[in-house]
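What follows is a single structure, written as structure tokens, with notes after it.
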Amino acid sequence: MELKKDKLTEALLLLRGASNVILPVSNDGAPVFKLWDGVAEPCLSANTSLPPKDLLFPRSEKMYDYNVKTGNISEISSNKKQTVFGIRPCDVRSIENLDHAFLESGYTDSYYKTRRDGLTTIALACTETARTCFCDSMGLSPNDAPGADIVLNDRGDAYTVKSNTEKGEEITRLWKSLLSKETGKASKASGSVVCDFKARADKDLPEKLVARFDDPMWDKLSKACLGCGCCSFICPTCYCFDIGRENHGASGTAFRCWDSCMFSDYSRMAGGHDPRPSKKERLRNRYLHKLAYFNLRYGVTLCVGCGRCVDKCPANLDVTRAMDIISEGVRADG
Amino acid sequence: MAESIRAANIEAKNADGRAVNPLLPCMCRVIRITEETPDVKTFRIQTPDGAKPFDPMPGQLAMLSVMGVGEAMFSVTAKDDDWIESSIKKVGQLTEALHSLSEGDLIGVRGPYGNHFPVEDIKGKDLLFVGGGIGLAPVRSLIRYALEHREDYGSLDVLYGSRSYGDLVFKSDIFENWPSRCNVHITIDNAEDGWDGHVGFVPTYLEEKAFSPENKAVVLCGPPIMIKFCLASLMKMGFSKENVITTLEMRMKCGVGKCGRCNIGSKYVCLDGPVFTMSELDDLPDEK
Ligand code: SF4
Ligand code: SF4
Ligand code: FES
């Protein structure tokens, strides 16, 4: 099945009739996910600089209202339907990672689950990769997004449409009158994008990393880090949060918001003890969480190779460098 | 690839078995406040309709909040049919707010969180409880449990010490309730007027007592430095690390293994802990 590009607006309007539609639009030339107003042109030239995790795990999310006088506590939940269009394979994988974190590990996170149930993903396979993309080294392909409800592949004047799930089927039914049989010739070959930037992430990376917990390389790697937390905020898979409160007299609202393990007060306890007192321990924990601890717990890596942190770190820290050092270092000393 | 340590799904449930949001507190009343030491108070907590907020196992945790100030995790030191208790040392903003509460005030409570002391695995064994300072708080829940299930365990010894007489917690337990039902050995660091009990540090007292490691499990909680020396003493006395159990403290926000705050390596103290054997701790990275 394919969707001709000149039918795209119509297709999006149909989606908009059934749920909120979120898609990348240009913000001074850079694509960012926005709630679609039905008019703006989708900006699909490159991946968004900010990940789509906001849709499931908002940077600040109200949890419950309370009143100290009456003792009343009322849960706040959001069950709106959202459809995200134009999400890239790496970010689709990042949602699969967040699913592990919020829906497994013993407890189900109610807030996440409600939003997740209401989310439909329409992925767009990549037509080119950016300088810092290394998805392919992390075991995924820029040409497909198996975890999405629908995957679109750009064939020049049309998108091929592949549905992976029941939610995807619903959309192909909605689009029925707009979809046509794939024609033999495409003005552009799809499914052949190659990711050039490689990271050495062999499958025993988790064990190798854990084994080098006390390695002096962590001092070197973390030396330039500013502790700004930028890497966590722009990472599609980072999901640490803090819980806070906003008071108005006797009543107030508890909320949770993004946090970063790179902040200096992140793990400091009341009384002052901090198990991760310097940036060396904090960077090590971030990398190990992504590349080892998450694997040990859920069987998958918590980095999808989107390259955002590599691109944006103000101090030029590069997670792929750590992977290379580990892989090669272990080989060098046998 | 090491074996995945994915935990079986736990469903957070309220007292009637209905699934609930595990991050949502319920408002409870502080029905009794006991001043243990100048900076430790015990709070007895009950729901407004006179029930306990949940039924914790010994060693499990409760997230307590003073609405408008903040939340923090504490071990539940005791429970009864219709209340739970936590003993809290004043160390920061939230604990200060807790200390300024009066009986009858409302606080937020959620839990129980974490694993618990291995009450089944240690069945049939002699138990030695070693505590220092406020470290007796988590141990108290297990001592009470062992006394309630007296026939399941062998001999019970409590060895507890503090800096001074004034710093000893749970005085009514250690001097009145427990001595008739188990062996209680109390020490304070330095001699003081009016004290005719043992004087000396906990690790030294432990060695003096020369407990036999034979069929004995040790529960050891207290300040890190005391744990370190006690562990060395226990090793000298022939105990093995598998039989020495302790609890860890970490900063916590969610209590359910999500917020990322309390990890040590791939373990979350709020979920996989707070109870660990010393040999389990040896397998974790040194970030405690
Ligand atoms: S973005 Fe770079 S400088 Fe900022 S915390 Fe992350 S690694 Fe450190
Ligand atoms: S760690 Fe960096 S490259 Fe990996 S998913 Fe996060 S932002 Fe992308
Ligand atoms: S307190 Fe949030 S993960 Fe343990």
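Just so it is clear: chains get the letters A, B, ... in the order the sequence lines come, proteins before strands, and each one is counted from 1.
Figure legend: A:Arg284 and A:Phe213 shown as a cation-pi pair, the cationic atom lying under 6.0 angstrom from the six-membered ring centre and within 45 degrees of its axis. A cation-pi arrangement is not found for A:Arg245 relative to A:Phe255, the charged atom failing to lie both closer than 6.0 Å to the ring centre and inside a 45° cone about the ring normal.
At a 4.5 Å heavy-atom cutoff, B:Cys262 makes no contact with chain A through either its backbone or its side chain. Using a 4.5 Å cut-off between heavy atoms, A:Asp259 contacts chain B through its side chain alone, with no backbone atom that close. Neither the backbone nor the side chain of B:Pro224 comes within contact range of chain A; no heavy atoms are under 4.5 Å apart. For B:Gln93, no part lies under 4.5 angstrom from a heavy atom of chain A. Residue B:Met250 touches chain A through both its backbone and its side chain, counting heavy-atom pairs closer than 4.5 Å. Heavy atoms of A:Leu288 lying under 4.5 Å from chain B are absent altogether. Only the side chain of A:Tyr66 comes within contact range of chain B, judged by heavy atoms closer than 4.5 Å. If you measure heavy-atom distances from B:Asn263 to chain A, the contacts under 4.5 Å come from both the backbone and the side chain. The contact between A:Lys69 and chain B is made entirely by backbone atoms, counting heavy-atom distances below 4.5 Å. For chain B, no part of A:Cys261 is nearby; none of its heavy atoms comes within less than 4.5 Å. Residue A:Asn285 touches chain B through its side chain alone, counting heavy-atom pairs closer than 4.5 Å.
Considering only heavy-atom pairs separated by less than 4.5 Å from chain A, the leading option among B:Ser65, B:Gly92, B:Cys254, B:Pro25 is B:Pro25. Chain A forms the most heavy-atom pairs under 4.5 Å with one residue out of B:Gly70, B:Gly265, B:Pro285, and that residue is B:Gly265.
Classification of B:Lys253 and A:Asp242 as a salt-bridged pair holds, one side-chain N sitting under 4.0 Å from a carboxylate O. The pair B:Asp105-B:Arg29 does not count as a salt bridge, with every side-chain nitrogen at least 4.0 angstrom from each carboxylate oxygen. With respect to the salt-bridge test (charged N to carboxylate O, under 4.0 angstrom), the residues B:Glu85 and B:Arg140 qualify. Salt-bridge formation is not detected for the pair A:Arg115/A:Asp54: no Lys NZ or Arg NE/NH1/NH2 atom is positioned less than 4.0 Å from an Asp or Glu carboxylate oxygen. The pair A:Lys223-A:Asp219 fails the salt-bridge criterion, with no side-chain N (NZ, NE, NH1 or NH2) lying under 4.0 Å from an Asp/Glu carboxylate O.
Around atom CZ of B:Phe229, no more than 12 heavy atoms belonging to other residues, nucleotides or ligands sit under 6.0 Å away.
When every heavy atom of A:Arg256 is checked against every heavy atom of A:Tyr112, the shortest pair comes out as NH2-N, 4.0 Å.
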